[in-house]
There are 2 protein chains.
Amino acid sequence: MSAKKVKKPIQGSRRDGTDAVSQLRKSDRTRQSILDGALEFLWTHPFRDLTIKELMLIAGISRSAFYQYFSDVHELMEALLRSLEEDIFVVASRWLEGEGDPVRLLEETMSGLVSVCYKRGPILRAVADAAPMDERLEKSWKAFLQDFDDAVTARIEQHQAAGLIKPFEARPVAIALNRMDAYLLIHQFGRRPRGNRESVKDAILRLWISTLYGEEKVATSASGRRAKRTKTSSSKNS
Amino acid sequence: MSAKKVKKPIQGSRRDGTDAVSQLRKSDRTRQSILDGALEFLWTHPFRDLTIKELMLIAGISRSAFYQYFSDVHELMEALLRSLEEDIFVVASRWLEGEGDPVRLLEETMSGLVSVCYKRGPILRAVADAAPMDERLEKSWKAFLQDFDDAVTARIEQHQAAGLIKPFEARPVAIALNRMDAYLLIHQFGRRPRGNRESVKDAILRLWISTLYGEEKVATSASGRRAKRTKTSSSKNS
DNA sequence: CTTGTTTTCTGACGCCGTGTCAGCAAGAAC
DNA sequence: GTTCTTGCTGACACGGCGTCAGAAAACAAG
């Protein structure tokens with residue numbers, strides 16, 4: 001069923017992982033080249049045009065070799081999603097778990113979020129597009145979003161208890177903010193040419209701050225100070 | 001290319017449209033039975049399982065007859081979307097264009113919105129799922145959402161000018177609220193068994209009111225009065 | 001370098017859903 | 001009934017998917 005295979009580590013002496021790339025098994029490099037090819041393709045094409053044939057043409061290997069590494073194109077997307085997930089949760093943890101001025105933490109998190117999505121944006125877009133077509137991927141994607149909803153909800157409630165955020169039902173607000181983020185990030189960075197990092201960050205940040213900590217706090221954030229009157233041009237065509 | 005055909009109206013005297021169903025051309029009834037079959041299917045199955053063969057089996061006609069009416073499954077979805085669109089804009093116009101107490105208007109609109117989606121929910125879900133797979137449908141879906149974003153943005157700005165809503169950047173808030181609505185409606189009513197109408201309406205309404213008109217106005221709405229402390233159970237598993 | 005073993009890759013195959021087409025059947029008008 | 005139009009059908013070719021047996025390459029040991 002699954003294409004995964006438990007690989008016995010090669011028993012010889014040389015493959016001890018000390019010399020990075022060149023010392024990896026062939027299969028690991030091939031697998032990576034498929035993942036790279038997919039991302040490359042998705043920078044300029046919608047997911048619906050990603051056929052295995054096309055993909056393996058980019059990777060320079062025969063079509064059937066694909067199935068040595070992934071059981072289908074959706075499993076590949078899942079792999080890409082997982083790799084993005086790691087990066088995102090790292091930057092998100094700043095606001096979700098950090099200590100200190102919450103507005104500052106939020107700014108750091110959103111800044112990082114924008115950076116990650118700017119660099120690997122198509123993954124988000126393609127996974128969102130592909131999810132409805134495959135039950136497994138759909139579940140992963142839903143879980144990914146829900147993890148975020150849960151974390152944000154918890155953090156809001158925590159800050160409400162601390163008097164930093166006014167009391168209201170946290171979850172629907174968390175969902176609204178997260179869906180908004182997803183929508184903006186996907187549309188601004190999901191394909192080349194990409195939108196402007198700063199304006200996207202400012203737009204997202206402003207909405208979060210004003211929703212959670214109050215309109216007056218918006219001005220205290222760095223971007224608020226820097227570009228208080230900037231109309232986020234990029235949000236026009238979104 | 002397109003399956004559409006300009007049909008000359010039958011020249012005889014009887015088909016004057018006075019006697020509803022039985023007086024329609026055969027082709028119109030068949031077309032409708034396909035649309036009905038699709039909706040029926042989508043109540044219990046995800047869009048990805050909707051194959052033409054399956055669909056025409058339900059409709060009781062041969063597979064190839066499908067192409068007399070639609071060029072492909074996405075054009076069918078577009079037809080369903082258009083029919084839903086009409087209903088939705090009717091109820092939405094209440095808040096978007098009505099006069100009087102805005103909170104009351106909003107309540108009427110959300111109430112209607114919930115009703116429409118409760119009755120024809122799978123359309124929303126299926127179109128959202130199918131959109132990434134087809135360029136044309138993707139455009140229609142995007143346009144549908146954007147029409148809403150535009151209308152809501154305009155209405156917010158109008159109410160801001162009238163001093164009913166505090167000043168803030170209207171568009172991102174409009175987008176966030178709309179995406180939240182879409183998410184909730186799709187997940188609660190997109191398939192059987194459906195969520196609870198009242199709790200969904202209350203959840204949506206509360207968020208809109210508190211975001212636009214202020215937390216204190218929530219209590220003045222009918223549902224706010226009726227169920228001030230109800231935890232919207234349905235938003236748990238969303 | 002040669003040999004034997006394991007890993008990786010390939011071409012050919014069958015499957016399934018799509019969309020088209022020529023021609024058959026059913027319905028309407030007379 | 002006959003004629004003409006409209007609606008329907010089965011058969012076909014196409015393209016992408018996933019599998020498999022066996023070829024080729026990578027690797028370790030001698």
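On a predicted model such as this, the values are computed, not experimentally measured, just so you know. We name chains A, B, ... by the order of the sequence lines, and we start the count at 1 in each one.
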Original post:
Should the pair B:R120-B:D87 be classified as a salt bridge under the 4.0 Å nitrogen-to-oxygen rule?
Top reply: yes
**OP:** Side chain of A:K53 only, please: which of D:dG16, D:dT6, C:dT7 is the nearest?
**Re:** D:dG16
Subject >> Proximal nucleotide (of C:dT20, D:dC17, D:dG7) relative to the B:S64 side chain >> reply: C:dT20
Original post:
Are any of the side-chain nitrogens in B:K201 or B:E107 under 4.0 Å away from the carboxylate oxygens of its partner?
Top reply: yes
**OP:** Run the salt-bridge test on B:E138 and B:K142 with the 4.0 Å N-O cut-off and return the result as yes or no.
**Re:** no
**OP:** Just call it for B:T51: base, sugar-phosphate, or nothing, with non-hydrogen atoms closer than 4.0 Å on any strand.
**Re:** sugar-phosphate
**OP:** Report yes if at least one side-chain N or O of B:T30 is closer than 4.0 Å to OP1 or OP2 of D:dC8; otherwise report no.
**Re:** yes
Subject >> Length of the line joining A:D28:CG and D:dA26:P, which is rounded to integer Å >> reply: 15 Å
Original post:
Between B:F144 and B:F89, how do the two ring planes meet: parallel, tilted or perpendicular, split at 30° and 60°?
Top reply: perpendicular
Original post:
Rounded to the nearest Å, what distance is computed from the OH atom of residue B:Y67 to the P atom of nucleotide D:dA11?
Top reply: 17 Å
Original post:
Does A:R29 come within less than 4.0 Å of A:D36, counting only side-chain N to carboxylate O?
Top reply: no
Could you list the protein-to-nucleotides 22-26 of chain C atom pairs, N/O on both sides, closer than 3.5 Å?
none

**OP:** Establish, yes or no, whether the cationic atom of B:R179 lies under 6.0 Å from the six-membered ring centre of A:Y183 and within 45° of the ring axis.
**Re:** yes
Original post:
Can you find a donor-acceptor pair, distance only, under 3.5 Å between B:S62 side chain and D:dG10 base?
Top reply: no
Subject >> Nearest-angstrom distance from the residue atom CD1 of A:I52 to C1' of D:dT19 >> reply: 13 Å
**OP:** Take atom CZ of B:R31 and atom P of D:dC8, then tell me their distance rounded to the nearest Å.
**Re:** 13 Å
**OP:** Applying ring pair (Phe, Tyr, Trp, His ring centres under 6.0 Å), name anything that partners B:F41, two or more places apart in sequence or on another chain.
**Re:** B:H45
Original post:
Are OP1 or OP2 of C:dT8 and a side-chain N or O of A:R25 less than 4.0 angstrom apart?
Top reply: yes
Original post:
Can you tell me how far P of D:dC17 sits from CZ of A:F70, to the nearest Å?
Top reply: 15 Å
Original post:
Do A:R63 side-chain and D:dG18 base share a donor-acceptor contact under 3.5 Å?
Top reply: yes
Original post:
Which nucleotide, D:dT6, C:dA12, C:dC9, lies nearest any side-chain atom of A:Y69?
Top reply: C:dC9
Original post:
What integer distance in Å separates B:F66:CZ from C:dC21:P?
Top reply: 17 Å
Original post:
Can you check the B:R29 CZ to D:dC8 C1' distance for me, whole Å?
Top reply: 14 Å
Subject >> Between C1' of D:dT9 and CG of B:L57, the distance in whole Å >> reply: 15 Å
